[in-house]
Number of protein chains: 2
Amino acid sequence: MPKAAARQDARQKLLDAALSVIRTKGYSATSVDELCAAAGVTKGAFFHHFKSKEELGVAAANHWSQVTGALFASAPYHAHADPLARIIGYLEFRKALLQGGVPEFTCLVGTMVQESYETAPAIREACNASISDHAAALEPDIGAAMRDRDLAADWSAASLALHTQAVLQGAFILAKAKGGAGIAADSVDHLIRYLKLLFGPGAVERQS
Amino acid sequence: MPKAAARQDARQKLLDAALSVIRTKGYSATSVDELCAAAGVTKGAFFHHFKSKEELGVAAANHWSQVTGALFASAPYHAHADPLARIIGYLEFRKALLQGGVPEFTCLVGTMVQESYETAPAIREACNASISDHAAALEPDIGAAMRDRDLAADWSAASLALHTQAVLQGAFILAKAKGGAGIAADSVDHLIRYLKLLFGPGAVERQS
DNA sequence: ATATGCGTACCGACTAGTTGGTATGCTGTC
DNA sequence: GACAGCATACCAACTAGTCGGTACGCATAT
């Protein structure tokens with residue numbers, strides 16, 4: 001019975017379509033009709049599940065958090081024993097993700113927040129939560145690496161975690177401007193170099 | 001005779017209005033009518049000077065390059081004798097610019113390229129030129145600092161120059177998401193710390 | 001078993017307003 | 001009187017959102 005399975009999946013199809021369409025054209029330039037066409041559903045279905053386009057935007061940001069959250073949670077870099085190795089592993093993983101076309105590896109919430117931070121507070125907050133939560137997931141490892149090496153820093157683990165996200169978001173903008181991923185990988189390399197310098201020479205190698 | 005002065009300035013007023021309106025609402029969400037209202041001109045004047053909205057976008061990006069180019073060319077950090085001190089001075093200057101509301105200190109071309117990189121090649125290229133030219137202006141100082149210190153690096157002056165722009169663009173996104181400049185300043189601080197580590201301890205202090 | 005009742009999921013034509021763009025005309029300057 | 005600079009009026013296409021209606025699953029009663 002495909003009927004039971006088919007039910008309630010217009011919402012999912014719309015959210016999945018939103019991820020790719022909005023990353024390609026931006027939030028404002030994406031029309032509801034276009035979203036419906038990409039998802040293969042009707043406008044009636046759209047407004048049955050979302051009371052407005054803005055609500056779809058919020059839901060898309062949350063959906064993005066879930067999808068990427070699952071991706072990073074199951075990534076292999078968590079296996080490293082040394083916390084700094086896990087952080088570097090995370091960044092290498094981000095670099096490995098820079099494959100395919102620009103719309104495929106760039107960030108949904110980074111794109112959306114640029115367009116709606118002043119006009120759609122609900123979207124801004126959902127995007128902020130997505131970025132901030134993702135950064136917060138890095139904090140424990142950064143904190144542990146600092147403690148491991150008795151670092152008396154004038155910066156916090158939280159600020160460094162957010163800085164990694166700033167570099168990534170900025171790398172995406174340059175990739176969009178230049179039309180390729182190369183420059184983004186270079187920027188992540190600079191970030192990795194920064195971390196290795198911060199935590200001392202040979203810091204990663206002296207892991208267990 | 002205000003007439004002679006008033007002539008030909010609809011274009012300037014439109015470009016100036018574009019800088020602030022597009023930075024606030026984004027390119028797609030900004031309508032031609034809105035732009036005209038903000039500039040205090042009519043639609044006829046708009047399409048007299050620009051044959052399409054996209055052409056206005058390109059012109060706005062070029063206008064942005066000119067305005068910011070003049071700002072940075074006349075900035076005080078060029079006075080430092082040491083090239084590294086000039087670079088750090090540039091970043092401190094960028095930090096000092098993080099004043100007022102978010103729309104006032106964020107970057108026009110970074111905002112525009114996100115929305116139009118796939119749909120408007122002319123705008124993408126104009127934004128790319130703006131970012132790349134600005135980065136290129138930093139290259140000579142970075143190269144000089146590398147030579148001064150006999151740095152045998154596995155990265156180029158060009159890639160570090162672009163990395164600074166990535167950090168700044170990413171910092172703007174975080175500022176938009178969080179609704180404040182604080183996080184952006186933190187990220188620039190991390191970047192300054194990276195440069196000081198890269199060029200060796202006490203590198204800036206041993207300038208003339 | 002089957003009839004009744006009801007809620008959720010979905011459809012697609014419709015509307016009021018907005019969009020980028022055009023056609024035409026007026027006004028001052030060379 | 002030609003032409004640049006602008007204004008006004010207008011248009012077809014598109015916009016987000018609405019609305020009356022259908023299809024179907026599920027619970028309870030009979």
For B/E34, all residues meeting side chain to side chain donor-acceptor pair (under 3.5 Å), sequence neighbours excluded |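 Checked B/E34 against side chain to side chain donor-acceptor pair (under 3.5 Å); matches are B/K25.
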
Using the test side chain to side chain donor-acceptor pair (under 3.5 Å), find all partners of B/Y194 that sit at least two apart in sequence or belong to another chain.
->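 In terms of side chain to side chain donor-acceptor pair (under 3.5 Å), with neighbours along the sequence ignored, B/Y194 is linked to A/H190, A/R193.
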
Gap separating the CG atom of A/L97 from the CG atom of A/L168, nearest 0.5 angstrom =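 So the gap between those two atoms works out to 10.0 Å.
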
Inter-axis angle, terminal five-pair segments of the helix from C/dA1-D/dT30 to C/dC30-D/dG1 [nearest 10°] =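 Answer rounded to 10°: the end axes differ by 10°.
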
Report the residues that fulfil salt bridge (Lys or Arg N to Asp or Glu O under 4.0 Å) with A/D33, sequence neighbours left out, ordered by chain and then residue number.
->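 With neighbours one apart ignored, the set is A/K43.
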
Residues which pass salt bridge (Lys or Arg N to Asp or Glu O under 4.0 Å) with A/E139, listed by chain and number, not counting sequence neighbours =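 Not a single residue meets the salt bridge (Lys or Arg N to Asp or Glu O under 4.0 Å) criterion with A/E139.
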
Quiz: residues 169-187 of chain B side-chain donor-acceptor pairs under 3.5 angstrom, not counting sequence neighbours:
{"from": "B/K176", "atom 1": "NZ", "to": "A/Q114", "atom 2": "OE1", "distance (Å)": "2.4"}
{"from": "B/K176", "atom 1": "NZ", "to": "B/T111", "atom 2": "OG1", "distance (Å)": "3.0"}
{"from": "B/K178", "atom 1": "NZ", "to": "A/S132", "atom 2": "OG", "distance (Å)": "2.8"}
{"from": "B/S187", "atom 1": "OG", "to": "A/H163", "atom 2": "ND1", "distance (Å)": "2.7"}

So which protein N/O to nucleotides 19-24 of chain C N/O distances come out below 3.5 Å?
{"from": "C/dG20", "atom 1": "OP1", "to": "B/K53", "atom 2": "NZ", "distance (Å)": "3.3"}
{"from": "C/dG20", "atom 1": "OP2", "to": "B/V32", "atom 2": "N", "distance (Å)": "2.8"}
{"from": "C/dG20", "atom 1": "N7", "to": "B/K43", "atom 2": "NZ", "distance (Å)": "2.9"}
{"from": "C/dG20", "atom 1": "O6", "to": "B/K43", "atom 2": "NZ", "distance (Å)": "3.2"}
{"from": "C/dG21", "atom 1": "OP2", "to": "B/K53", "atom 2": "N", "distance (Å)": "2.8"}
{"from": "C/dG21", "atom 1": "N7", "to": "B/K43", "atom 2": "NZ", "distance (Å)": "3.4"}
{"from": "C/dG21", "atom 1": "O6", "to": "B/K43", "atom 2": "NZ", "distance (Å)": "2.7"}

Residue-phosphate contact under 4.0 Å: A/H49 side-chain N/O, C/dT8 OP1/OP2 =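 So the side-chain polar atoms of A/H49 never come under 4.0 Å of the phosphate oxygens OP1 or OP2 of C/dT8.
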
So, is A/H48 near the phosphate of C/dC11, with a side-chain N or O under 4.0 Å from OP1 or OP2?
->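 Answer is no, no contact under 4.0 Å.
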
Sequence neighbours excluded, which residues qualify as ring pair (Phe, Tyr, Trp, His ring centres under 6.0 Å) partners of A/F105?
->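 Result, ring pair (Phe, Tyr, Trp, His ring centres under 6.0 Å) vs A/F105: none returned.
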
Show every donor-acceptor pair shorter than 3.5 Å between a side-chain atom in residues 54-64 of chain A and any protein atom, with sequence neighbours excluded, or say none if there are none.
{"from": "A/E55", "atom 1": "OE2", "to": "A/K51", "atom 2": "N", "distance (Å)": "3.3"}
{"from": "A/N62", "atom 1": "ND2", "to": "A/V58", "atom 2": "O", "distance (Å)": "3.4"}
{"from": "A/H63", "atom 1": "NE2", "to": "A/D16", "atom 2": "OD1", "distance (Å)": "2.8"}

